[in-house]
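Quick caveat: nothing in here was measured; it's all calculated off a predicted structure. No hydrogens, no waters, no symmetry mates; every other heavy atom, side chains included, goes into these values.
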Amino acid sequence: MAITTFSGPVSSLNGFIGGTATDPITVTTAQNINQSYATTSAASGDTRLSYNRLTFAGAGAGETLRVFSVVTAAQGAGQTTNGSHVSLSVNTGGTISGAANALRATLGLAASVTPGGTIAAIQADSDVGAGATLPATAAWIRFTNSGAGTGLSNLFNLPAAMVPVKSAAAVTHTIKIIVDGTPYYLMVSNAQ
């Protein structure tokens with residue numbers, strides 16, 4: 001389906017629609033271009049609104065999911081633009097007896113494999129062009145309390161094995177963080 005410009009709600013077209021790099025879908029009003037809504041009352045098991053699995057059986061690489069937002073105009077005051085926004089909401093009547101995560105990243109390694117390379121469950125990248133001017137608030141990771149409540153009180157929840165007790169060592173380096181606009185420094189050492 002080729003659509004150059006569409007001023008009405010795209011949802012009225014029914015089903016998934018997509019453009020191309022040279023002929024993208026263009027909308028003139030804020031809306032969900034592709035959307036899916038579902039409700040499950042399953043008593044057990046996992047229900048997924050979307051399940052995608054890609055097996056790399058050759059020397060090539062890539063992603064199972066690639067999302068990419070591009071800003072080409074001045075954003076309005078108070079607007080928030082994201083490359084991806086993932087949420088989990090527990091509403092009235094909902095309870096959690098196990099784990100609940102808004103985002104879960106799993107790095108899986110089968111028994112006895114030796115993957116090599118540089119691997120991580122999460123990699124945070126920056127792609128800043130030469131000569132770009134960053135605001136003083138730019139950071140690798142930002143934490144916010146977006147709701148009316150006080151928010152989460154713990155920055156991290158780590159297993160004890162990740163924070164072993166060691167003898168005192170002199171501070172050799174610091175990591176800068178910003179707390180409500182004020183810079184602070186986490187003390188780290190290159191000696192245990």
Side-chain angles (χ1 to χ4, degrees), residues 30 32 35-53 63-71 74-109 115 117-128 132-192:
N32 295 330
Q35 54 192 332
S36 298
Y37 296 87
T39 300
T40 178
S41 57
S44 63
D46 294 330
T47 300
R48 297 177 175 94
L49 185 58
S50 178
Y51 181 86
N52 301 287
R53 182 171 179 162
E63 298 92 14
T64 301
L65 177 66
R66 174 72 160 103
V67 293
F68 193 177
S69 298
V70 179
V71 177
Q75 301 295 281
Q79 298 283 1
T80 300
T81 303
N82 305 294
S84 179
H85 184 148
V86 180
S87 301
L88 168 70
S89 179
V90 180
N91 292 338
T92 302
T95 61
I96 304 297
S97 59
N101 307 291
L103 178 64
R104 178 179 174 178
T106 302
L107 174 66
L109 299 174
T118 302
I119 61 175
I122 297 175
Q123 175 176 319
D125 279 334
S126 68
D127 184 13
V128 181
T133 302
L134 297 174
T137 55
W140 281 99
I141 300 176
R142 178 176 174 238
F143 299 90
T144 64
N145 287 325
S146 298
T150 56
L152 306 174
S153 58
N154 297 315
L155 182 60
F156 295 108
N157 183 348
L158 303 174
M162 291 184 68
V163 191
V165 176
K166 298 294 182 181
S167 59
V171 172
T172 59
H173 297 78
T174 61
I175 300 172
K176 181 181 180 182
I177 64 173
I178 298 175
V179 179
D180 199 22
T182 302
Y184 289 87
Y185 299 88
L186 300 177
M187 306 297 135
V188 294
S189 174
N190 62 4
Q192 293 184 339

To the nearest 0.5 Å, atom OG of S126 lies from atom CG of L134 at 8.5 Å
Residue set satisfying side chain to side chain contact (heavy atoms under 4.5 Å, CB included) with I177, at least two apart, ordered chain then number -> V179, Y184, L186
On a heavy-atom basis, the closest approach of T64 and R53 is CG2-N, 4.2 Å
| said: Less than 6.0 angstrom from the centroid, inside 45 degrees of the normal: does R66 satisfy that with respect to the ring of F68? | reply: yes
On a heavy-atom basis, the closest approach of S87 and H85 is OG-NE2, 3.0 Å
Closest non-hydrogen atoms of G83 and S69, given as atom of the first, atom of the second and distance, are CA-OG, 3.5 Å
All heavy atoms of S189 vs all of T172, minimum pair found to be CA-OG1, 3.2 Å
One should read off an interatomic distance between N145 CG and L152 CG, to the nearest 0.5 angstrom, of 7.0 Å
For A132 and V128, the nearest pair of non-hydrogen atoms, with its separation, is CB-CG1, 3.6 Å
- Task: Please say whether more than 12 non-hydrogen atoms of neighbouring residues, nucleotides or ligands are located less than 6.0 Å from CE in M187.
- Result: yes
Nearest heavy-atom contact between A100 and L88 is CB-CD2, 3.4 Å
Distance col, row D125:CG vs D127:CG, nearest 0.5 angstrom, shows 8.0 Å
Kindly indicate whether the side chain of Y185, heavy atoms from C-beta on, has any atom under 4.5 Å from the side chain of V171.
no
Residue set satisfying side chain to side chain contact (heavy atoms under 4.5 Å, CB included) with L155, at least two apart, ordered chain then number -> F143
Could you list the donor-acceptor pairs under 3.5 angstrom formed between side-chain atoms of residues 41-50 and any protein atom two or more places apart in sequence or on another chain?
residue, atom, partner, partner atom, Å
T47, OG1, T40, OG1, 3.4
S50, OG, N52, ND2, 3.2

